[in-house]
Structure formats: C-alpha cells, structure tokens
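Structure record follows, encoded as structure tokens.
Below, chains carry the letters A, B, ... as their sequence lines are ordered, and counting in each starts from 1. No hydrogens, no waters, no symmetry mates; every other heavy atom, side chains included, goes into these values.
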2 protein chains.
Amino acid sequence: MGKAYNVMAATCPSRVVLHRIGARWTVFAVNALEHGPMRFTELKAHIRGITPKALTETLRAMEADGLLVRTDLGGNPPHVEYALTDLGRSLLVPLRAVRQWAEAHVPDILAARERSGDPEPAT
Amino acid sequence: MGKAYNVMAATCPSRVVLHRIGARWTVFAVNALEHGPMRFTELKAHIRGITPKALTETLRAMEADGLLVRTDLGGNPPHVEYALTDLGRSLLVPLRAVRQWAEAHVPDILAARERSGDPEPAT
DNA sequence: AGATACCGGTATCGAATGTATACCGTCGCA
DNA sequence: TGCGACGGTATACATTCGATACCGGTATCT
C-alpha cells in the first residue's frame with residue numbers, strides 16, 4: 001500500500017507531524033543531536049540564539065513525539081542528557097537534505113530578496 | 001568548496017532560509033504547486049484549512065524569495081496564477097522527502113503521544 | 001564564612017505571529 | 001435587481017515567541 005495519509009487533508013494527522021517538524025527549532029535540535037547525546041547547556045550553546053525556554057519546549061515536544069529521550073543522570077550539578085531515538089535518527093535523513101538545500105541556495109534567495117524587497121525608496 | 005554556510009550560526013543567512021521553509025504553510029504551497037500553476041482559489045481549496053490571509057502572506061513571501069512567480073492575467077473575474085520557479089522546483093525535492101517521512105511515521109508519532117500525553121487524569 | 005559559578009531549567013512580560021470571520025469591488029448572468 | 005465568482009483586505013482576537021530575570025542545590029574560590 002502507498003500513502004495512507006495525505007498532508008493536504010486538514011483533518012489528517014500528518015499535518016500535525018509536519019507542523020512539529022516545521023516548529024522553528026526542531027530542525028536545529030535534530031541536527032545538533034546528529035552525532036550523539038548532548039546536555040541541555042551544550043545544546044543551548046550549540047544552537048546559537050535559542051533561549052532556554054524555547055529549548056525546553058522544543059525538547060519536551062520532541063520527547064512527547066518520541067523523537068528523543070531525556071535521561072536524567074541526577075547528581076550535582078544536575079546532569080541531563082538528550083539523545084535521538086531511532087525515529088529521531090530516521091528524521092535526520094530528510095532534514096539533512098533540507099539543510100543542505102538551505103545552505104546551497106542561500107545566495108539565490110538573498111538575491112531574490114534584494115530584487116524584490118529593495119525597490120522602495122522612501123516617500 | 002563545501003558548505004559556505006552553517007545553519008547553527010545564528011548570524012547566518014541559512015537560518016533565514018530554514019525559517020521560511022518551516023513557515024507553517026510554505027511546505028503545503030510548494031507541494032500543491034508540484035504539478036503545475038494554480039490560481040488563488042484553487043490553492044485555497046487544495047490546502048484545506050488555510051485562510052486567505054495566510055495564503056496571501058505565504059505566497060507573497062515565497063514570491064519575494066524567488067520560489068514562485070505570480071502572474072496576473074487580468075480580466076474579469078480576476079485571473080491570477082502562481083507557479084513554481086526553478087528554485088521552487090528544486091526545493092520540491094527535499095520537501096517531498098520530508099512529506100513522505102511525515103506520512104510514513106504518523107502512526108509512530110501518534111503512538112508516542114498517546115503514551116506521553118495521556119497520563120493526566122484530572123485533579 | 002561569604003561570594004561566586006555551574007547546571008537545568010521556570011516565571012514573567014511585552015511583542016510578534018497566526019487564526020477566524022467578515023467584507024470589498026468588479027464583472028457576468030438570470 | 002440580486003446573486004455568485006475571483007482575488008484578495010480589514011478587523012478583532014488568540015496563541016506563540018523571545019528577552020530577561022530568577023531559582024535551588026552543590027562545589028569551589030577567597
């Protein structure tokens with residue numbers, strides 16, 4: 001059988017999945033965990049510009065969706081590790097393609113923006 | 001030369017590109033235009049649940065980024081067509097992979113949510 | 001003893017973004 | 001005259017986002 005779900009359907013759960021993937025920081029978190037587990041502070045440093053709140057929310061949501069696991073190793077100072085699950089690792093594949101597309105086409109898009117966004121001299 | 005851009009950099013333009021891709025409706029618009037140009041109303045009907053405002057904004061942004069072209073054929077009733085550019089079509093490739101991943105893994109994610117989201121009996 | 005730093009987060013607040021709904025002008029048609 | 005098609009806007013509201021500050025507990029430095 002082929003596609004059991006159709007992203008265009010509005011009532012379709014795949015909408016929800018796509019929404020999570022597009023959720024602003026998910027892509028970065030997945031990419032950051034590509035090479036192994038990381039701690040909260042490591043992630044925060046690696047994903048430049050993310051706030052702790054956003055990071056917490058992203059990680060919680062991804063955990064709820066089974067994309068990663070949170071392991072609290074206790075002790076003090078606290079030690080918490082985040083690692084991709086198999087599901088999360090499988091997502092890595094298509095996301096890597098997207099990232100590469102983004103990195104490859106930055107000049108095209110910036111050029112297009114120059115062209116369209118600039119023509120607006122004041123008054 | 002390899003990657004000239006690094007998505008993790010925060011100051012890096014590829015951030016902006018990724019942000020546009022993740023922009024909630026962009027994925028659907030690109031997918032909808034996969035098989036040829038469409039009119040505004042067609043798109044609105046095809047992408048179930050999108051509001052005209054959201055559609056307008058999505059299309060304008062994508063046009064500004066050179067992902068699609070808007071052609072006003074004038075006349076009455078108005079006739080406007082939206083079509084992917086080469087750049088937009090190239091984006092189709094990685095996005096198709098993401099869509100397929102989403103459609104394929106819906107059950108996994110829904111199951112994970114059951115498991116984690118349910119444990120919350122009132123009071 | 002006191003001050004400070006590390007770690008993994010929360011709390012709070014204002015700004016930005018997204019959504020829902022209603023409406024617009026022009027034309028053709030009955 | 002009244003209605004619908006088309007391609008959007010306008011308005012009001014809800015949700016989410018981001019910046020900043022702060023917390024508890026321990027270890028370390030002075």
Next item on the list: Kindly say whether, by distance alone, the side chain of Lys53(B) makes a donor-acceptor pair under 3.5 Å with the base of dT19(C)?
Entry: yes

Check: side-chain hydrogen bond (donor to acceptor under 3.5 Å, both in side chains) with His19(B): which residues, sequence neighbours excluded?
Finding: Arg24(A)

Item checked: Separation of atom CZ in Arg24(B) from atom C1' in dA14(D), rounded to whole Å -> 13 Å

Margin query: Which residue is it: Leu68(A), Thr85(A), Val69(A), Thr58(A)? I am looking for the one with a side-chain contact (heavy atoms from CB on, under 4.5 Å) to Glu63(A).
Written below: Leu68(A)

Checklist line | Whole-Å gap separating P (dT16(D)) and CD1 (Ile50(A)) | finding: 17 Å

Checklist line | Heavy-atom pair of closest approach, residues Val7(B) and Arg15(B) | finding: O-NE, 2.8 Å

Item checked: With sequence neighbours excluded, residues passing side-chain hydrogen bond (donor to acceptor under 3.5 Å, both in side chains) with Gln100(A) -> none

Check: Glu42(B): what forms a side chain to side chain contact (heavy atoms under 4.5 Å, CB included) with it, not counting sequence neighbours?
Finding: Met38(B), Arg39(B)

Listing time: all N or O pairs from protein to nucleotides 6-9 of chain C that are below 3.5 Å?
| unit_1 | atom_1 | unit_2 | atom_2 | d |
| --- | --- | --- | --- | --- |
| dC7(C) | O3' | Arg39(A) | NH2 | 3.3 |
| dC7(C) | O3' | Pro78(A) | O | 2.9 |
| dG8(C) | OP1 | Arg39(A) | NE | 3.2 |
| dG8(C) | OP1 | Arg39(A) | NH2 | 3.4 |
| dG8(C) | OP1 | Val80(A) | N | 3.0 |
| dG8(C) | OP2 | Thr41(A) | N | 3.2 |
| dG8(C) | OP2 | Thr41(A) | OG1 | 2.6 |
| dG9(C) | OP1 | Arg70(A) | NH2 | 2.6 |
| dG9(C) | OP2 | Arg70(A) | NH2 | 3.4 |
| dG9(C) | OP2 | Tyr82(A) | OH | 2.7 |

Notebook entry, point to check: With sequence neighbours excluded, what pairs up with Asp108(A) under the side chain to side chain contact (heavy atoms under 4.5 Å, CB included) test?
Noted result: His105(A), Leu87(B)

Notebook entry, point to check: Atom CG of Leu55(A) to atom P of dA19(D): distance rounded to whole Å?
Noted result: 14 Å

Checklist line | Any Phe28(B) side-chain heavy atom under 4.5 Å of Leu43(B) side chain | finding: no

Next item on the list: Starting from C1' on dA5(D), measure out to CG on Leu43(B) and report it in whole angstrom.
Entry: 16 Å

Just the table, please: protein N/O against nucleotides 28-30 of chain D N/O, every pair under 3.5 Å.
none

Check: Within this structure, what is the CD-to-C1' distance between Glu57(B) and dA20(C), rounded to whole angstrom?
Finding: 13 Å

Next item on the list: Return no unless some side-chain N or O of Trp25(A) is found under 4.0 Å from OP1 or OP2 of dG18(D).
Entry: yes

Notebook entry, point to check: Can you find a heavy atom in the side chain of Ile109(A) that is under 4.5 Å from one in the side chain of Asp65(B)?
Noted result: yes

Item checked: OG1-NE2 distance between Thr71(B) and His79(B), expressed to the nearest 0.5 angstrom -> 9.0 Å

Next item on the list: Provide, to the nearest angstrom, the distance between the CD1 atom belonging to Ile47(B) and the P atom belonging to dG8(D).
Entry: 14 Å

